[in-house]
Amino acid sequence: MPRPDDGRSDPGDSRRRQRIAQRTSAAVDAAVGAGRALGLTVTDAEVLHDLFSVVVHLAPSPVVARIPTVLPRSADLGSLAVRQQTELDVTRWLADRGTPVIPPSPLVPREPVQRDGLSMTFWQFVEEDRGNEPDYEANAELVADLHAVLREFPGRLSFLSAAEPQVITDSLALLEERPDLLGPDDLDRARREWQILEPLVRSRAAFERAFPGIDLQPVHGDCPPANIFSGVDGKLWADFELVTLGPVEWDLATLGPVLGSAYNRGAQRNGMRPLNEDVMSFVNAVGMLRVVSTLTLTPQLPPLPDYLNPAIDRWRTMPFACGIAG
């Protein structure tokens, strides 16, 4: 038997890397083909990012394609396209009002494009300032500015769709088959927490009964302090894939009191209410279960547990369901 450190490669690891490379290559090919079909000149496509989505600059055209590739089993092209269209509508509305966002590309129709079993969107290319280190505390304060603008968005959004309750339900069932990813005691806790939280996530009426007086509005949906793009000409909001109707607290879930205090400074500046502690407990509890459910994507993205396990370790130390009563 070879020693673990004898320099020999793991055949399974090699196959996984090959599958990921093939997935990336297929996404690039689909984006290039779709871009050319829409009339874009594409001669030097460059992958800018590759994790849950493949992000491709369709050079020399000033257009970036984003193609989701790591998705839960329940995802289908139809539901994905609906979500993508909502993102395009919201970001175009924000851009038209002068909000600093990465806008949809004006060079192609502002709608999702499906090709080769993938669904993609097209965005304006912005040069990144790679020397700019993110300041998450400053970014959290800016989230209140974004919320102040989003309050006026006229379109209809689903209540807490960003929580993806069906994905959580399905993932907890799948994790029963993967004790290597989540042990039985942790899975039991997650299921019991979800029994308490799920009704409040799925029903706006139930949420409003539990948290009377808490206003709902359009929110970014996906940790906006971490989704500010540093362009060479300034910061731009990005990645509105999970834009949703919910309490403002949703956008600060699991980020901790320092960033919460920063948000409150921005809220006061905008004449908005501060974060509500009870609602923060709720969104933190749901946010941690979303982390747990993301473990089911490990077969598609093998390094994922290395990123998620520190948060799951913290979840184990937290009060059950963050103190939300059933």
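The residues of the chain are indexed from 1 along the displayed sequence.
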What one should report as the nearest heavy-atom pair of M120 and A34 is SD-CB, 3.8 Å
Verdict with reasoning, F52 to L304, per side-chain contact (heavy atoms from CB on, under 4.5 Å)
CA-CA 10 Å; F52 293 98; L304 204 50; 3.8 Å; yes
Atom pair CG (L252) and OG1 (T254), whose distance is rounded to the nearest 0.5 Å:
9.5 Å
Could you walk me through whether R189 and D186 satisfy the side-chain contact (heavy atoms from CB on, under 4.5 Å) test, starting with their C-alpha distance in whole Å, then the side-chain angles of each, then the deciding distance to 0.1 Å, before giving a yes or no?
CA-CA 5 Å; R189 170 178 174 160; D186 288 335; 5.7 Å; no
With sequence neighbours left out, what residues match A173 under side chain to side chain contact (heavy atoms under 4.5 Å, CB included)?
none
Rounded to the nearest 0.5 angstrom, the CD-CG distance for E137 and L259 is 6.5 Å
Identify the two heavy atoms, one from L142 and one from W237, that lie closest to each other, and give their separation to 0.1 Å.
O-CZ2, 3.5 Å
Quick one, D145 and R269 - any side-chain contact, counting heavy atoms below 4.5 Å?
yes
Does the side chain of N132 come under 3.5 Å of the side chain of K235 through a donor N or O and an acceptor N or O?
no
Would E176 and L187 count as a side-chain contact (heavy atoms from CB on, under 4.5 Å) if you check the C-alpha gap in whole Å, the side-chain angles of each, and the deciding distance to 0.1 Å?
CA-CA 7 Å; E176 186 172 4; L187 180 57; 4.0 Å; yes
Residue list, side chain to side chain contact (heavy atoms under 4.5 Å, CB included) with S105, at least two apart or on another chain
V63, L107, V108, F122
E193 side chain reached by M288 side chain, heavy atoms, under 4.5 Å:
no
Please check if atom CD in E277 has more than 12 non-hydrogen atoms from other residues, nucleotides or ligands closer than 6.0 Å.
no
Scanning both residues in full, the closest heavy-atom pair of A27 with I67 reads O-CD1, 4.0 Å
Salt-bridge contact R192-D188 (side-chain N to carboxylate O under 4.0 Å):
yes
Please assess R273 against D215 for the test salt bridge (charged side-chain N to carboxylate O under 4.0 Å, His left out), listing each intermediate value before the final yes or no.
CA-CA 10 Å; R273 68 171 177 83; D215 54 311; 2.7 Å; yes
Does anything in residues 166-175 form a salt bridge (Lys or Arg N to Asp or Glu O under 4.0 Å)? List the pairs, not counting sequence neighbours.
none
Which pairs count as salt bridge (Lys or Arg N to Asp or Glu O under 4.0 Å) when at least one residue sits in residues 58-73, sequence neighbours excluded?
R66-E87, R66-D239, R66-E241
For Q300 and R19: C-alpha separation, side-chain torsions, deciding distance, then whether side chain to side chain donor-acceptor pair (under 3.5 Å) applies.
CA-CA 9 Å; Q300 300 179 65; R19 286 198 300 269; over 6 Å; no
Decide if atom CG of D233 counts as having more than 12 heavy atoms of other residues, nucleotides or ligands within a radius under 6.0 Å.
no
Tell me the side chain to side chain donor-acceptor pair (under 3.5 Å) pairs involving residues 21-47, sequence neighbours left out?
T24-D50
Partners of W93 by ring pair (Phe, Tyr, Trp, His ring centres under 6.0 Å), sequence neighbours excluded?
F153
Kindly compute the distance separating CG (L289) from CD (E164), expressed to the nearest 0.5 Å.
13.5 Å
Check whether T244 reaches the backbone of S161 with its side chain - one donor and one acceptor, N or O, closer than 3.5 Å.
yes
Interatomic distance, I102 atom CD1 to W123 atom CH2 [nearest 0.5 angstrom]
8.5 Å
Quick one, C223 and L255 - any side-chain contact, counting heavy atoms below 4.5 Å?
yes
OG of S281 to CE of M318: how many Å apart, nearest 0.5 Å?
8.5 Å
side-chain contact (heavy atoms from CB on, under 4.5 Å) assessment of L174 paired with L295:
CA-CA 10 Å; L174 290 170; L295 283 170; over 6 Å; no
Student check: side-chain heavy atoms of Q85 and L88 closer than 4.5 Å
yes
For residues L51 and V70, report the shortest heavy-atom separation together with the two atoms involved.
O-CG2, 3.4 Å
Got L80 and Q84 here, is their nearest side-chain heavy-atom distance under 4.5 Å?
yes
Quick one: does R178's side chain get under 4.5 Å of L182's, heavy atoms only?
no
Does some side-chain heavy atom of V286 sit less than 4.5 Å from a side-chain heavy atom of C322?
no
Taken to the nearest 0.5 Å, the spacing of T169 OG1 from R191 CZ works out to 10.5 Å
Taking side chain as C-beta onward, heavy atoms only, is L77 less than 4.5 Å from P112?
no
R204 versus L245, closest heavy-atom pair with distance
NH1-CD2, 3.5 Å
For F320, does the CZ atom sit with more than 12 other heavy atoms under 6.0 Å from it, leaving out its own atoms?
yes
Applying side chain to side chain donor-acceptor pair (under 3.5 Å), run through H147 and D251 and close with a yes or a no.
CA-CA 10 Å; H147 286 167; D251 280 348; 2.7 Å; yes
If you compare all heavy atoms of F229 against all heavy atoms of A238, which two are closest, and at what distance to 0.1 Å?
CB-CB, 4.4 Å
Whether the Q268 and N264 side chains hold a donor-acceptor pair (N or O, under 3.5 Å, no angle test) is what I'd like checked.
no
